[in-house]
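Right, one structure below, let's go through it.
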There are 2 protein chains.
Amino acid sequence: MVDQIDGRGLGGGNSVEMAAIFAALSNPARIDILRHIACHNDCGCKDITDVLPLAQSTVSQHIKVLVEANILRTEAIHPRSRYVINEDVLKDLAEVTNTFLGSCCKETWC
Amino acid sequence: MVDQIDGRGLGGGNSVEMAAIFAALSNPARIDILRHIACHNDCGCKDITDVLPLAQSTVSQHIKVLVEANILRTEAIHPRSRYVINEDVLKDLAEVTNTFLGSCCKETWC
DNA sequence: TACATCCATCGTATAAATACGATGAATGTG
DNA sequence: CACATTCATCGTATTTATACGATGGATGTA
């Protein structure tokens, strides 16, 4: 238990935070939801439910996970909720992921 | 259920495969394990167990998940098992992640 | 040979994730 | 106003993940 590392910030994101984002992306339905939102403007829960083989409540729950992970933003327009991808977060995520994955064992983390 | 997308390949990786890799990275202990292996050559299960607040069996189980996701490779040298990061896989992953995250809604997937 | 070290696996307990239907709130439409 | 649409939430059932101790196999060392 010496030289413990369990979760402290290294090279742009601690383990717990990184794992949380990856966890939000760790479900195929959520990947599909992100893709659908990315490809279709003004997209609500119903639109996604029409396209995925899942119940509306399940889709809503997946969306909640993505919102809580700050990957999606809600814009409650009119009667419906519209979801927008938080591009800033995804850019950061792409960078952190790149740093983490690409530079395997540079002095960055050590 | 028209225009269904549930998991078919789009822009460099289908949803199920992508989710599987993210799932392998969705645990803080596994992030720490990857970091430790990346930073220390000739690294075995015991070395990681010494550094994380987890039982040896738990660490071994996490390693198994990473190996099955093809993120780690096992090199059974001498008495011990040594784990090596599969850099090719991580490079691909970084690229797919970048494509997926960075190019939110280019014609790539649509 | 006897013993220690390293590691994978098994069995198990507990917690978390996933999915569904039912329900109700909020907002449009006839 | 009555009704439909959209969505979030609740309760629940089932599956999966996480963690541990115990055990045994394989390999070094005395």
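Listed nucleotides: C/dT18, D/dA19, C/dC7. Nearest to the side chain of B/T58: D/dA19. Each of D/dC20, D/dT6, D/dT18 was ranked by its minimum atom distance to the side chain of A/K46; first place goes to D/dT6. When each of D/dT18, D/dA19, C/dT18 is scored by its nearest atom to the side-chain atoms of A/R30, the top-ranked nucleotide is C/dT18.
Although no hydrogens or angles enter the test, the distance criterion places no donor-acceptor pair under 3.5 Å between the side chain of A/S60 and the main chain of A/S57. Using a distance-only test at 3.5 Å, with no hydrogens or angles considered, no donor-acceptor pair links the side chain of A/R82 to the main chain of A/T74. Of the possible donor and acceptor atoms, one in the side chain of A/H40 sits under 3.5 Å from a partner among the backbone N and O of A/H36. Listed for the A/D47 side chain is a donor-acceptor partner under 3.5 Å among the backbone atoms of A/G44. Between the side chain of B/T49 and the backbone N or O of B/C45 there is at least one donor-acceptor pair closer than 3.5 Å.
Counting to the nearest Å, the C1' atom of D/dT18 and the CG atom of B/L52 are 14 Å from each other. A straight line from CD of B/Q61 to P of D/dA22 spans 17 Å, rounded to a whole angstrom. Taking atom CG of residue B/L25 and atom P of nucleotide D/dT18, one finds them 12 Å apart after rounding to whole Å. Straight-line distance from the CD atom of B/E68 to the P atom of C/dA8: 12 Å, rounded to whole Å. A/K64 has its NZ atom 16 Å from the P atom of C/dA19, to the nearest Å.
With the nearest nucleotide of DNA chain C identified for both B/T74 and A/N27, B/T74 has the one nearer the 5' end. When the nearest nucleotides of DNA chain C are assigned to A/S57 and A/A23 by heavy-atom distance, the more 5′-ward of the two goes with A/A23.
For the pair B/H62 and D/dA17, the criterion of a side-chain N or O lying under 4.0 Å from OP1 or OP2 is not met. A close approach under 4.0 Å does not occur between any side-chain nitrogen or oxygen of B/R82 and OP1 or OP2 of C/dC7. Listed pair B/S60 / C/dC7 fails the phosphate criterion, with no side-chain N or O lying under 4.0 Å from OP1 or OP2. Contact annotation: B/Y83 side-chain N/O to C/dC6 OP1/OP2 distance is not under 4.0 Å.
If you check distances only, the side chain of B/Q56 does reach the base of C/dA8 with a donor-acceptor pair under 3.5 Å.
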